[in-house]
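Here is the structure we will look at, set down as structure tokens.
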Amino acid sequence: MKWEIVIGLETHAQLSTASKMFSGASTVFGAAPNTQASGVDIALPGVLPVANRGAVERAIRFGLAVGGEKVINRRSVFARKNYFYPDLPKGYQISQYELPIVKGGEIRILTKSGEKAIRLTRAHLEEDAGKSLHEAFRDSSGIDLNRAGVPLLEIVSEPDMRSAEEAVAYARVLHALVRWIDICDGNMQEGSFRCDANVSVRRPGAPLGTRAEIKNLNSFRFLEHAIEFEAKRQIEILDDGGKIVQETRLYDPDRDETRGMRTKEEAHDYRYFPDPDLLPLEVSEKWIHEIKAKLPELPEAKRKRYGTDFKISPTVAIQLTASRDKAEFFERSARAADIIMFPAAPQDIAFTIVGELAGLLNEAGLEFSESPITSEQLAKLRRRVLDGSISSKSAKEVLAEMWVGKGDPDSIISAKGLKQISDRGEIEKIVDQVLAANAKQVEDYRAGKEKAFNSLVGQVMKATQGKANPAQVNEILKQRLAG
Ligand code: ADP
Ligand code: MG
């Protein structure tokens, strides 16, 4: 019988506030060690934490985006999660436990097998810990507390994913969403967005199996590989009659494997209790409504609209909404297109955006907002293809010129002499000349030699230096030869 893989993800998104969760220290990445740690962050006796309003607002924005007002807890509670580690001077992390700020909601993903909703268990506010730096050249370890107290939103999914592909799709949608609503910069190298993957396997229909938790995966590729390796490891153990131990594991990208780190603590080991230094967090209806009113149109809503307004497929729509920049670029282009004359223009533009243009920008490390080709220019270029002025092949050449700043597509087309001959009379004249000069091939074709037709097309294209509209050439030739 087959094994089914079960995955639940815990994602830490660093909230993009200027100061920390409970202190006024800066959150800017990359400063000299311990220059951004205040008395609160280094746990001087007698200091008191004060919750950061900007962080709370961002958590609410997230809740509204994944589930609306109903998933925002009007009252949530900060709790102390007690454990010892050198990078945690207080001896506890302030988090939320029994009453998180967001409860429920969902993320919709699209994979080869179709659309699926992944349920969210919760999202809660917490502070990050510091960092231990193991410096071989000094033969010792140091502690950097700049990261201590940085605000995080921990987003916990239900164990609803069934493959590495689904887990990656979920992580990608979530990553795009937190950037879309401007709560996290999404920088994975700097650790602003990182996932823990909980992985287990079971027989379909059986209760959940024992899971392993793979910590701190900071790239989509690592996430995918770690899950694949871990599922295979568990299946091999079970097939051999062994048992899975619940534990925390680390993924080693160099060896593409996961390794045991420690057996997993249970929640009761942390001795959670409400933090007596912080009041319960109360959010008013008025504030929630204000935040909601400022929320941009969400990717999900845009995707639906692209489908109904422009007949864009879900697969393309998901790529267009990978960022707000990209979606806005597309919408501006689509608006510049002549949809009455060319109803397929938005789909055609969308393909160029997710294909060629995305490729060029990616290679150059640019965002859509920094594109050297404007959305209006792109719409104009594609219009020239749709109205038969240039071939798709020439369009690539024009796009390359536009990319290096040569400007308007029409002037590039005339400067390079790329205009197609779409005048029917003119093509007919050339076809007739070619037929007259190639009596032998005409005869061959009529005798059933299909190949002779291609050779005639080739002659016409040659006579026009490749500028005749090929579809028209085909059609006129067929008509003449049938006569
Ligand atoms: P913690 O890891 O902090 O102990 P939970 O027990 O709430 O917290 O689980 C965290 C994550 O593990 C959630 O994303 C949940 O969906 C996932 N999870 C729980 N049980 C399993 C399981 N048997 N297999 C895979 N994932 C699981
Ligand atoms: Mg966990």
Side-chain angles (χ1 to χ4, degrees), residues 3-13 62 66-67 71 76 79-83 85 88 92-107 109 116-129 152-171 173-175 193-217 223-224 226-235 237-238 243-251 258 260-273:
W3 291 101
E4 180 179 59
I5 305 171
V6 176
I7 305 148
L9 292 187
E10 292 162 278
T11 306
H12 287 93
F62 179 79
V66 296
V71 303
S76 62
R80 291 186 179 179
K81 179 179 182 178
N82 300 281
Y83 66 96
Y85 206 75
L88 189 76
Y92 60 86
Q93 175 195 26
I94 307 178
S95 181
Q96 296 190 305
Y97 183 55
E98 272 170 86
L99 274 174
I101 183 151
V102 175
K103 199 162 172 51
E106 63 171 40
I107 293 285
I109 62 165
K116 180 173 174 179
I118 308 298
R119 291 168 301 157
L120 298 182
T121 316
R122 57 191 274 151
H124 61 254
L125 284 162
E126 61 183 31
E127 57 176 347
D128 210 341
L152 300 175
L153 188 67
E154 177 170 341
I155 304 153
V156 183
S157 86
E158 289 289 302
D160 281 354
M161 288 154 274
R162 294 292 174 269
S163 64
E165 189 202 0
E166 285 188 3
V168 171
Y170 165 88
V173 172
L174 193 60
H175 183 252
F193 185 93
R194 47 193 202 259
C195 294
D196 300 343
N198 294 271
V199 181
S200 65
V201 300
R202 66 172 174 186
R203 299 298 188 190
L208 290 178
T210 305
R211 73 186 144 125
E213 179 175 4
I214 312 155
K215 283 279 185 198
N216 279 334
L217 298 159
L223 175 65
E224 181 181 2
I227 292 171
E228 267 161 10
F229 176 88
E230 181 57 23
K232 210 167 124 223
R233 185 188 71 89
Q234 293 184 12
I235 289 170
I237 293 175
L238 294 171
K243 270 183 103 169
I244 308 298
V245 240
Q246 177 157 331
E247 63 179 346
T248 303
R249 299 178 70 86
L250 263 193
Y251 174 68
T258 66
M261 217 167 106
R262 51 182 153 92
T263 55
K264 200 177 153 44
E265 302 80 0
E266 297 290 340
H268 62 247
D269 296 330
Y270 288 117
R271 294 290 186 267
Y272 279 99
F273 65 89

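Order of appearance sets the numbers: ligands from 1, and atoms from 1 within every ligand. All of these numbers come straight from a predicted model, not from anything done at the bench.
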G209 heavy atoms, cut-off 4.0 Å: which ligand 1 atoms fall inside? 23 (N)
So L174 and F193, do their side chains get closer than 4.5 Å, heavy atoms only? yes
Applying a heavy-atom cut-off of 4.0 Å, say which part of E213 lies close to ligand 1: side chain, backbone, both or neither. side chain
Is it the case that atom NZ in K116 sees more than 12 heavy atoms from other parts of the structure closer than 6.0 Å? yes
Find all atoms of ligand 1 within a distance of less than 4.0 Å from any non-hydrogen atom belonging to E158, and give their numbers and elements. 16 (O)
Does any non-hydrogen side-chain atom of N82 lie less than 4.5 Å from one of Y270? no
Measure N198 to ligand 1 on non-hydrogen atoms and call it side chain, backbone, both or neither using the 4.0 Å cut-off. both
G8, P159, S157: member with heavy atom nearest to atom 13 (C) of ligand 1: S157
Taking non-hydrogen atoms only, is L9 closer than 4.0 angstrom to ligand 1 via side chain, backbone, both or neither? backbone
Between atom CD1 of I94 and atom NZ of K81, what is the distance when rounded to the nearest 0.5 Å? 13.5 Å
Can you confirm if the NZ or CZ of R202 lies within 45° of the ring axis of W3 and under 6.0 Å from the centre of its six-membered ring? no
Quick check on contacts: which atoms of ligand 1 are under 4.0 angstrom from a heavy atom of V156? 13 (C), 14 (O)
NE2/H124 to CD/Q96 distance, rounded to the nearest 0.5 angstrom? 7.5 Å
Within ligand 1, which atoms have a heavy atom of L208 less than 4.0 Å away? 23 (N)
